[in-house]
Each structure stands twice: as structure tokens, then as C-alpha cells.
Amino acid sequence: MTQYVIEGGKPLNGIVTISGAKNAAVAILPATLLVNGTCRIENVPDISDVRLLLEILDSMGAEIHRLSPNTIEICCRNVRESEASDALVRRIRASYYLIGAQLGRFGYAKVALPGGCNFGPRPIDQHIKGFETIGAEVELQNGYVCARAPEEGLTGGRVNLDVVSVGATMNIMIGATLANGTTIIENAAKEPHIVDLANFLNAMGAKISGAGTDVIKIRGVKGLRGGFYSIIPDQIEAGTYMAAVAAAGGNVLVQNVIPKHMDCISAKLREMGAKVTEYDDAIRVQCTGTLRRANVKTLPYPGFPTDMQPQIAVCMSLASGVSVITESIYDTRFGYCAELNRMGAAIKVDTKIAVITGVDQLHGCTVHACDLRAGAAMVIAALAADGKTVIEEAEYIERGYEDLIGKLEGLGAAIKRIEAPRGAKTPAAG
Ligand code: EPU
């Protein structure tokens with residue numbers, strides 16, 4: 001078991017560079033299955049979710065070369081119709097993109113139902129509805145999704161999503177890229193990574209327009225050629241460092257960001273009293289005094305992202321007054337609040353609402369990372385707390401944050417990573 005040990009109470013100062021977007025990378029890599037040639041992809045985050053996807057693609061026959069820690073060359077020309085390893089697929093939510101990619105490439109996909117962070121039911125009915133609308137026959141059989149295109153190939157069609165789904169929007173886009181006809185996705189999600197996937201596919205020869213709006217049009221093309229692409233910076237990683245500065249205090253330049261993608265997070269931190277200054281591709285966050293209370297409701301982009309909800313809860317735990325978070329994307333995503341309360345926070349949760357009464361100080365203790373963003377919240381709380389915090393099951397954090405330890409050390413934090421045997425009793429902290 002991986003543990004992070006953090007000695008808190010030190011403000012953060014300096015410069016941090018944001019890596020490529022996880023949720024763009026985990027769609028773009030499976031989408032390379034559609035490409036008849038070599039893709040050189042830059043700004044690929046070196047995180048465990050990406051390493052796992054590369055392992056899956058490698059096991060399917062992709063030729064993968066890592067030219068540098070963040071640049072990958074991948075050629076899927078020789079991949080034959082083959083099933084991805086169930087054991088690997090079940091470990092990552094984004095393996096659902098293999099359904100769209102295999103269906104588009106081979107006209108057939110059989111993929112184990114995906115795993116990933118566990119915060120309540122995460123159905124894929126909208127993905128399936130999309131594949132069926134573009135002509136596929138889809139069945140769920142013993143824990144697998146099996147999708148088959150008709151003899152004459154996928155036809156395209158008009159899909160109106162019942163819920164705004166990031167995964168369904170991207171998966172249908174991938175599946176429809178090589179279809180014979182045109183596909184329209186209505187009520188599409190608008191997250192920056194959706195635009196990034198469309199830009200990647202277009203750079204390889206696809207004809208996709210409207211990404212970033214709620215209507216996306218995909219005109220099927222005969223094939224995609226290889227090419228070069230650079231993934232956008234990670235909005236949530238950037239937001240996590242911004243929230244860390246707000247909670248722990250300090251003055252940090254967060255660089256390699258697209259400030260427009262950060263609007264909602266920057267506005268909330270300003271409302272809470274942090275000074276946020278935007279530059280062309282960087283944002284400076286300065287925070288000295290006590291934060292002010294605020295309310296947040298999570299919404300699809302451009303609203304406040306659910307993936308920043310646990311991190312902003314830490315800021316609210318240290319703000320003066322009572323803040324309220326309403327989670328509207330997931331049924332349950334407040335599991336981490338019990339851990340924050342162990343550190344001295346005062347949070348009451350009622351299903352989709354958390355009421356947070358600000359406290360003067362959080363205190364280090366042993367907590368555990370329930371999922372990726374919950375783990376990020378524990379790190380922020382530990383940085384702001386007095387004393388020592390041990391975060392158990394920190395593997396979750398490494399699914400989505402590249403070199404978190406190195407980046408935080410660069411900002412002056414006292415953080416170390418240790419490997420403890422699973423089941424080992426954590427030494428009492430702080
Ligand atoms: N939903 C359905 N049916 C579907 C698909 C989704 O009912 O077929 C519901 C979900 O249950 C949820 C809502 O629609 O209530 C939105 O889910 P969405 O499909 O947008 O989420 P996702 O594609 O499974 C991605 C990110 C998540 C992020 C969400 C929302 C990836 C691999 N994951 O998940 O990221 O929380 O979008 O923005 O892109 C994370 O990075 O920590 C993370 C969990």
C-alpha cells in the first residue's frame with residue numbers, strides 16, 4: 001500500500017507546471033486504434049491510468065515507443081481484432097472507450113464492463129444508446145459489452161443524450177468517426193477534453209464539428225492517417241494546486257494552463273478571498289488571510305466540475321461561516337467528508353448536499369484516500385493542517401496526478417511517499 005506522509009502548516013510558494021489532461025489522454029489513446037499510421041502524442045501525463053491503458057493497447061498488438069516521459073509514439077496498424085485483457089480493463093473506467101474504438105475499427109467489440117473510481121452507480125446506457133443509434137447491435141453478456149456493426153458498416157444517426165455524459169459523448173464520437181454516414185450528438189457534453197478528442201481525431205483526418213457546443217456533428221470518413229498531436233493541460237490538476245494554495249496559503253504560479261478552462265474555479269476562489277491573476281498560459285494564486293464562505297453546485301462544463309468538489313470542500317472547511325456544496329452529477333461523492341471530519345472539519349452530509357461549517361484549523365491524523373479526487377482533497381487538507389498526516393491508499397491519487405510529490409516539494413511542502421505492506425498497521429500520526 002502506498003502512503004503519503006505530510007508535515008503540514010507550510011505555505012506553498014513557487015512555480016508548478018501542469019501536465020497533460022488525464023481525461024483527454026484516456027480517450028485519445030484508445031482512439032489511436034482507429035488510425036492507420038503512427039501518432040506522435042505530446043504532453044501525455046505520466047500517471048498510472050495512462051500506463052494501464054498503454055499496457056492494454058500493447059497487449060492488443062499496438063507498437064508503442066516512449067520518446068520522452070510525456071511523448072509517445074503509437075501505431076495500431078497491426079492490431080488485429082482482439083479482446084483486451086479483462087483483468088486490466090476492469091481496473092480503469094476509461095476502458096469503455098475501447099468499445100467505441102474497436103467497434104469503429106473492426107465493426108466488433110467485446111470489452112469487460114469498466115471499473116474505476118467507486119462513487120456510486122456509473123451506468124453506460126447512454127454509450128450503448130449511441131452505438132445502437134449509429135447502427136450497432138449491442139448486448140450485455142456476463143459482464144461484457146458486445147457490440148457489432150451490420151455487414152454494410154455503421155450508418156451514423158442522430159443521438160439525443162438523456163443525460164449530459166462526458167464518456168458517452170466521446171465514445172460515440174470515436175465509434176462514429178469511420179461510419180459510413182453522418183452522426184449528430186445532441187445534448188452533448190462540452191468539457192475541454194471533448195474538444196481535445198475532436199481536435200485529435202480531426203488532426204488525423206476525421207471530420208468533426210461543433211465539439212465544445214451541445215451539438216456535435218461527425219461526418220464519417222474512410223480512414224485516418226497518422227500525425228502529431230499535443231494534449232491540452234489538465235483543468236482539474238491545475239484546479240487542485242489552486243485550491244491547495246487557497247487552503248494552505250502562499251503564492252504560486254500555476255503554469256501550462258488554459259485560463260479560460262479555469263474560469264469557474266478561479267471565480268470561486270476569488271469569491272472566497274484568494275487573489276487569482278490570469279496570464280496567457282498561467283494563473284497566479286495568492287492567499288494569506290482567512291477564506292470566506294461560499295456555495296458550490298457541481299454542473300457539467302462550463303459549470304463547477306464535480307472532479308473539484310472534494311478539493312473545494314477543504315477550502316470551505318477552513319473558511320469563515322457556513323458553506324454548502326450540492327453535488328448534482330453523482331448520487332454519492334461525499335465519502336471523503338468522514339475523513340476530513342477526522343482531521344477536525346465540521347461537515348454534515350445529507351445525500352447530495354454537504355453543509356460545511358468552517359473551523360480555524362485542521363489537525364494531522366491518519367486518513368485514507370477513498371478515490372482519486374478524494375485523495376487529492378486529503379493531500380490539500382494535510383498541507384493546511386498542523387502536524388503530521390498519513391494518507392493511506394495513495395495509489396488512487398497516482399491514477400491522475402503526475403509527480404505530485406515532486407511538484408509539491410518544489411513548492412516547499414514536506415511530503416514523502418512510502419510503501420507499506422498491505423494490512424500493515426499505520427503508525428499513529430500527528
Ligand atoms: N450517466 C448515465 N448513463 C451513462 C453515462 C453517464 O446515467 O451512460 C450519468 C452518470 O451516472 C453521472 C452523469 O451521467 O451521473 C455524468 O457521467 P459522465 O458519463 O459524464 O461521467 P464519466 O464519463 O463516467 C468522466 C470522467 C470523470 C468525471 C465525469 C464528469 C473520465 C474517464 N472520467 O466520467 O472523471 O467525474 O466525466 O465530469 O473521463 C476523475 O477524473 O476523477 C473522474 C471521475
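When reading the values below, keep in mind they use all heavy atoms of this one structure, side chains included, and skip hydrogens, waters and symmetry mates. Whatever order the structure lists ligands and atoms in, that order sets their numbers, starting from 1.
- Between V166 and ligand 1, an N or O atom pair is found at a separation short of 3.5 Å.
- Ligand 1 has no N or O atom lying under 3.5 Å from any N or O atom of E191, backbone or side chain.
- Here atom 4 (C) of ligand 1 lies nearest to P123 when heavy atoms of A21, G375, S328, P123 are compared.
- Between V163 and ligand 1, no N or O atom pair is found at a separation short of 3.5 Å.
- Side-chain contact check for I194 versus K190: every heavy-atom pair is 4.5 Å or farther apart.
- Ligand 1 has no nitrogen or oxygen under 3.5 angstrom from a nitrogen or oxygen of T306.
- Ring geometry for H127 against F131 counts as perpendicular: the plane angle is over 60°, on a 0 to 90° scale with 30° as the lower cut.
- Residues satisfying the ring pair (Phe, Tyr, Trp, His ring centres under 6.0 Å) test with Y229, not counting sequence neighbours, are F200.
- Each of the following atoms of ligand 1 lies closer than 4.0 Å to a heavy atom of Y330: 21 (O), 27 (C), 28 (C), 29 (C), 30 (C), 34 (O), 36 (O).
- Heavy atoms of A168 come nearer than 4.0 angstrom to ligand 1 in no pair at all.
- Near I124, with a cut-off below 4.0 Å to any heavy atom, the atoms of ligand 1 are 4 (C), 8 (O).
- Near G167, with a cut-off below 4.0 Å to any heavy atom, the atoms of ligand 1 are 19 (O), 23 (O).
- For R270 and E278, the salt-bridge test passes: some basic side-chain N is under 4.0 Å from an acidic carboxylate O.
- The ligand atoms of ligand 1 that sit less than 4.0 angstrom from a heavy atom of Q126 are 3 (N), 4 (C), 8 (O).
- Ion pairing of E237 with K407 is present here, as a side-chain N (NZ or NE/NH1/NH2) and a carboxylate O approach within less than 4.0 Å.
- For the residue pair T17 and Q255, a side-chain donor N or O sits within less than 3.5 Å of a side-chain acceptor on the partner.
- For ligand 1, one of its N or O atoms has an N or O atom of K22 under 3.5 Å away.
- Between D46 and R51, at least one side-chain N (NZ, or NE/NH1/NH2) sits under 4.0 Å from a carboxylate O, which counts as a salt bridge.
- A salt bridge does not link D234 with K22: every distance from a Lys NZ or Arg NE/NH1/NH2 to an Asp or Glu carboxylate oxygen is 4.0 Å or more.
- Residue-ligand proximity: Y96 is placed with a non-hydrogen atom under 4.0 Å from ligand 1.
- Counting heavy atoms under 4.0 Å from ligand 1, residue I329 touches it through both backbone and side chain.
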Show your working on salt bridge (Lys or Arg N to Asp or Glu O under 4.0 Å) between E327 and K352 and close with a plain yes or no.
CA-CA 5 Å; E327 171 58 53; K352 291 183 144 204; over 6 Å; no
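- When D331, D162, D307 are ranked by how near their heavy atoms come to atom 28 (C) of ligand 1, first place goes to D307.
- Only the side chain of R333 comes within contact range of ligand 1, with a heavy atom under 4.0 Å; no backbone atom does.
- In this structure, E339 pairs ionically with R342, as a charged nitrogen and a carboxylate oxygen lie closer than 4.0 Å.
- In the vicinity of H127, heavy-atom distances shorter than 4.0 Å reach the ligand 1 atoms 8 (O).
- Between L372 and ligand 1, no N or O atom pair is found at a separation short of 3.5 Å.
- Taking the side chain as every heavy atom from C-beta outward, Y401 and L372 approach each other to under 4.5 Å.
- In the vicinity of R93, heavy-atom distances shorter than 4.0 Å reach the ligand 1 atoms 24 (O).
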